[in-house]
Amino acid sequence: MTEAERRRAFNEIYAEYDRRLFAYCLYVLGDRDKAKDVFQNIFIKVYKSIHALRDTEKLAHWLFRIARNECLNAMKSIQRKENRYVRIDKSENSPSLAAEGSAEYTDEIEHVRWGLQQLPPEYREALVLAEFEGYSLKEIAELTGASLSNVKVRIFRAKKKLHTILQPILNDYD
Amino acid sequence: MIDHIEELIVAYLHRGLSQEQERELFDACRNNPDVATLLRQHVVLSLKLRAVRDRTEVPLETRNELIERINALPVPQETAPVGPRRRYTPMHLFGGMFATAAVTACVVFLLLPIRGTPPASPVAMVHDTVAVTLRDTVTVVRTVRIDARRSAAETVSPAAVESGNLAVSGDVSKDSRTAETGGDEPILVKETDDDLNIVDVADVAEARRTSGPSWIQQYNVMLSRLETVKISSNDRILH
């Protein structure tokens, strides 16, 4: 693979997956600054090893596997430094997931974002993969290495909790 | 009951329901308006979550930093320009230093002369057994009866010529005659079974008489006579 081919392939991947991977990092990590670093690391790794990708049909799976590993490493790093995960009680008081420039959760989207932050990381990850990426339960199980029933339970509990948090918004659609 | 229905709804939205479970969920929605409302709320929640995803943008400074980091990366090894290379080298032919050394050693070993086997002598001595070969096949085996070289040396040795003592040559000629097995011609070689005598051997004494006084010429004549016995360099003489 020549340098020009590598750059062309990388640009195509970036254009297709930049927002999806950033959203994944942002909502799995629950920290915007950390998500930025991890996002860059993911694409650096993609750029370096893009020649190793043979089956383009598995591109999304390959990318999210890299993203997941990078997120796990970042979470371990956070855990080592702070000796704790990014926890609900921390994120409750910090609007780190809010888009820059929006100080209050005024509209529905910000409310949903805030609701997502209330979930444990493993629930968030399953929910993000299911709702953001449209992965089936089986695909999430393969990607995360969890059992199918475990994935089902995580998504069910995440949605149940989110449903409770967002009840006022959802009731407006009745 | 509601938990079970919610589980079915979640599985339904994420392609995890069997046909039977799907039928169960739809029946529940038809029979219970609360279940239908719950399903609708879950669908709305999914739409909201997707809206959150769609509203997520990569910050511009993050993108720019990424571009800078990629541009700062060294060119990967496999994409680096490679200069022209020689198409074939001895390494390509022999596969490496050790293989080349092994091949060279084999060639040298094959070129060395075989030790233990005496080189074939073109001169037959008395009591030698001469194997006449034709295309590596022994056709006749014979024994040399007279040492022609010694006879020639004794009869026409340089010392004899110098001293002019021709009587010596006569004695030697007589001795040569005693070695004959019969007939007029001296027999230098005979077959090992003693049944057949060699007939194509010239008289050494005659050669001595007709040749000049030089012992070297006599010796050469003797060698030429031996050649008439069909001994060639291909024949082996066993001492």
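Each chain gets a letter, A, B and so on, in the order the sequences are listed, and its residues count up from 1. Given the structure is predicted, the values throughout are model-derived calculations rather than measurements.
At a 4.5 Å heavy-atom cutoff, Tyr24(A) makes no contact with chain B through either its backbone or its side chain. For Leu127(A), the part lying near chain B is the side chain, with the backbone staying farther off; criterion is any non-hydrogen pair under 4.5 Å. Looking at Leu13(B), the atoms closer than 4.5 Å to chain A (heavy atoms on both sides) all sit in the side chain, from C-beta outward. Looking at Phe39(A), only its side chain comes within 4.5 Å of chain B, counting heavy atoms on both sides. In this structure, the portion of Glu139(A) lying under 4.5 Å from any heavy atom of chain B is its side chain and not its backbone.
Under 3.5 Å, the side chains of Asn150(A) and Arg154(A) contain a donor-acceptor pair of N or O atoms. Looking only at atom types and distance, the side chain of His61(A) has no donor-acceptor partner in the side chain of Glu142(A) under 3.5 Å away. The closest side-chain donor-acceptor pair between Ser46(B) and Lys159(A) falls under 3.5 angstrom. Side chains of His163(A) and Glu6(B): a donor-acceptor N/O pair is absent below 3.5 angstrom, by distance only.
In this structure, Glu70(A) CD and Leu29(A) CG are separated by 10.0 Å, a value rounded to the nearest 0.5 Å.
Taking the charged nitrogens against the carboxylate oxygens, Arg68(A) and Glu125(A) do have a contact shorter than 4.0 Å, which makes a salt bridge. For Lys34(A) and Asp37(A), the salt-bridge test fails: no basic side-chain N is under 4.0 Å from an acidic carboxylate O. Between Glu57(B) and Arg19(A) there is a salt bridge, since at least one side-chain N of the basic residue sits less than 4.0 Å from a carboxylate O of the acidic one. A salt bridge does not link Glu20(B) with Arg23(B): every distance from a Lys NZ or Arg NE/NH1/NH2 to an Asp or Glu carboxylate oxygen is 4.0 Å or more.
Against chain A, the residues from residues 49-56 of chain B that qualify, each with a non-hydrogen atom under 4.5 angstrom away, are Leu49(B), Arg50(B), Ala51(B), Val52(B), Arg53(B), Asp54(B), Arg55(B), Thr56(B) in number order.
Of the listed residues Ile140(A), Asn41(A), Val153(A), Leu148(A), the one with more heavy-atom pairs under 4.5 angstrom with chain B than any other is Asn41(A). Note: Leu66(B) leads Ile9(B), Leu66(B), Leu45(B), Leu73(B) in heavy-atom pairs under 4.5 Å with chain A.
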